[in-house]
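The analysis underlying the following values was restricted to heavy atoms, covering all of them including side chains, and did not include hydrogens, waters or symmetry mates.
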Amino acid sequence: MRMFGLSSVLLISMSLLFGCSANEQSPKKDTKSKETAAPAADLEDVTKAYREFAIGEISQFVKATEEFTDAVKSGNIEKAKELYPTARMYYERSEPIAEVFGDLDPKIDAREGDVPEEEWTGYHRIEKGLWEENTTKGYEEYADQLLKDTKLLRAKVETVEVTPDVLITGAVDLLNEVSTSKVTGEEDRYSHTDLYDFAANVQGAEKIYELLQSDLAKKDQALSEKIGEHFNQVNQLLEKHKKDGKYILYTELKRPEIKELSQAIDALAEPLSQLGIVMEG
Amino acid sequence: MSDSSKKPDKEPTFLDKQVTRRNVLKYTGIGSLGALLGASSLGGVFAMTNQAPSKTGKADKNEIIPFYGEHQAGIITEAQNNVYFVSMDVITTKKEEVRLLFKEWTEAVALMTAGNPVGEPSTNHYMPPKDTGEVMGLSPANLTITFGVGPSLFVLEGKDRFGLKHKQPKELVDLPKFPFDSLEKEWTGGDLCVQACADDPQVAFHAVRNLVRIARGKATIRWAQEGFQRSKQSDPKQETPRNLFGFKDGIVNPDVKNNQEMDKGIWVQPDDGPNWLEGGSYLIVRRIQMYIEVWDRSTLKDQEETFGRYRESGAPLGQKLEMDPVNLELKDQSGKLMIPENAHVRLAKGDGKQVILRRPYSYTNGMDAKTGSFDAGLLFICFQREPSKQFIPMQQRLAKMDKLNEYTVHKGSAIFACLPGTSLGGFIGETLF
């Protein structure tokens with residue numbers, strides 16, 4: 001959950017789109033408006049593929065959440081702890097879409113203090129119970145609510161219309177999430193499983209890059225390769241922090257390692273922020 | 001780059017016109033915005049002619065320090081009010097990428113020092129703006145950027161990382177450990193340095209921020225420190241700036257207007273070593289924390305004997321005026337040396353053979369979280385031709401017995417070879433990479 005939901009970004013970018021089309025309709029030969037109105041390339045296949053990807057992730061998110069909430073309700077603390085980090089990854093991967101629903105995102109993913117205490121529900125509420133209090137007792141209701149909200153998300157996501165700018169801003173937004181909350185260890189402050197969310201955000205951004213890769217390469221081959229290289233670097237770095245196939249805890253990272261991760265994200269996000277070049281006609 | 005840079009020279013009317021993206025494309029024949037932003041010609045021409053078309057079209061010619069020249073600016077340039085100093089680690093393993101970085105940096109610096117943004121305003125709303133924007137409408141404020149390379153760029157942990165080992169100057173090695181050094185790794189060393197000086201802190205930071213952004217994926221910040229002097233505005237008499245101990249600092253500087261003196265003591269000369277550094281200079285930076293709380297409770301007599309100067313006038317003890325030559329032999333009526341054996345000025349002077357160009361700035365970094373005292377001090381920056389004969393022997397004397405050591409601790413340290421300057425069409429680092 002972020003302070004600035006994607007929905008606001010969507011609104012802004014939609015108004016830009018409207019502005020553009022208005023300009024295009026006007027017969028004026030004003031070159032200036034032509035420049036500001038970068039004609040959107042035909043990215044229909046790409047947006048369609050992304051929509052399918054996101055819906056697929058959210059479907060699996062529902063499934064994984066069901067297993068997680070079952071464990072909570074049956075009082076199986078160890079099982080719940082084991083499922084927590086991986087279940088969340090589906091959500092984190094598809095965040096540009098999953099977050100669109102401003103009412104559901106906080107219910108599912110708010111951290112302590114993001115919302116008034118009495119409204120605080122979702123994954124992090126249960127996380128606190130599992131790790132801080134080492135119990136599932138009293139969290140059964142939160143588990144029920146979480147599953148309900150997740151299913152509602154799955155139903156609502158069908159209505160989302162994916163435009164190219166969702167992808168373009170979404171890719172960088174995913175990495176910004178990493179920079180502002182994962183790399184600081186603030187996302188999973190009780191379980192310290194931040195690296196799972198970190199990896200999922202990166203995978204979500206990489207998916208968008210893969211989908212746009214051929215269009216991007218047509219505009220700027222070198223940029224496309226550079227982004228690819230930096231994804232590899234980040235992935236290799238993440239791989240280094242696995243032990244027996246599992247990510248180590250955030251608290252096990254040494255300070256220079258955190259800095260290294262943070263700077264690797266910056267190095268990737270800078271060229272990735274140029275993705276918008278695919279919108280140029 | 002050279003092709004496009006020649007073009008405007010042949011088109012004298014070009015400068016008179018308002019530069020828009022379209023007519024630049026027309027003149028240079030470059031079809032893509034990316035290529036345009038990569039062209040250094042614009043900044044170069046404007047810097048050379050001082051015809052900087054700033055956002056307002058009113059860049060004050062008097063607030064532009066020319067970027068191109070035999071030497072880099074920011075060394076013998078009169079110290080501006082503010083510095084933002086960054087030491088960086090190179091993370092790319094390819095020499096070509098380092099070379100390209102310096103080319104891109106040169107282009108950006110040529111633009112920024114002339115009061116221009118690092119790129120044209122964006123026309124694609126789906127991409128971030130090229131320039132970060134916080135100096136829109138501001139004067140270039142005498143911005144200078146000075147680049148240097150550290151010993152670890154040549155050899156790191158025994159590895160000749162870029163095939164540059166044979167070019168490493170013998171003077172460009174880590175400084176020896178001085179007595180009482182208390183260096184912290186996070187404030188020490190670096191492969192590259194960027195010294196941004198300006199008469200406005202926002203202008204200096206903007207320059208560094210944009211250069212670090214350009215470097216993403218190639219180099220990262222190792223440490224960074226901003227610094228200040230009193231502003232010229234608040235010092236109508238333009239006196240020698242005072243450090244945070246209240247004493248004038250940098251009185252005994254060589255005359256930067258005297259070319260002979262500069263060649264003798266500051267600029268690397270043809271026979272000194274690798275030819276790529278000819279016209280460059282060695283920069284040594286020390287981050288010196290001052291125990292200002294302790295200083296503030298020491299007596300005036302003690303303070304003045306520590307420096308060997310009078311606080312108010314800056315004159316050497318026993319003399320009248322700031323610029324009076326330091327006379328180390330003077331004694332009072334009882335036969336006691338006026339300037340004590342361990343006074344800073346006596347030890348710094350030594351036999352008078354070591355001359356360095358000091359360009360120090362004060363810093364404050366809020367509170368030292370450990371002690372609750374101020375984290376404040378001096379970002380000591382100096383330039384010289386041969387560190388082994390200038391700063392190093394001087395600091396060895398000072399570190400051993402300087403009375404000032406009671407009130408200071410050296411926490412950070414680095415040495416860099418500041419590259420020679422460049423001319424239109426060239427780039428800083430062209431002689432090395």
A.B. asks: Could I get the full list of side chain to side chain donor-acceptor pair (under 3.5 Å) partners for B/Thr220, not counting sequence neighbours?
C.D. replies: A/Gln263

A.B. asks: Any ion pair linking A/Lys259 and B/Glu186 (charged N to carboxylate O, less than 4.0 Å)?
C.D. replies: no

A.B. asks: Are B/Phe102 and B/Phe427 an aromatic pair by the rule of ring centers under 6.0 Å?
C.D. replies: no

A.B. asks: For A/Leu223, is it the side chain, the backbone, both, or neither that has a heavy atom closer than 4.5 Å to a heavy atom of chain B?
C.D. replies: neither

A.B. asks: Write out all pairs satisfying ring pair (Phe, Tyr, Trp, His ring centres under 6.0 Å) with one or both partners inside residues 208-241 of chain A, taking only residues at least two apart or from two chains.
C.D. replies: A/Tyr209-A/Phe231

A.B. asks: Check B/Arg209 with B/Glu134, please: is the shortest side-chain N to carboxylate O separation under 4.0 Å?
C.D. replies: yes

A.B. asks: Is any NZ, NE, NH1 or NH2 atom of the basic residue among B/Arg99 and B/Glu96 found under 4.0 Å from an Asp or Glu carboxylate oxygen of the other?
C.D. replies: yes

A.B. asks: Listed by residue number, which members of residues 265-274 of chain A have a heavy atom under 4.5 Å from any heavy atom of chain B?
C.D. replies: A/Asp266, A/Ala267, A/Glu270, A/Ser273, A/Gln274

A.B. asks: Using heavy-atom distances under 4.5 Å, tell me whether A/Glu229 contacts chain B through its side chain, its backbone, both, or neither.
C.D. replies: side chain

A.B. asks: Partners of B/Asp131 by side chain to side chain donor-acceptor pair (under 3.5 Å), sequence neighbours excluded?
C.D. replies: B/His206

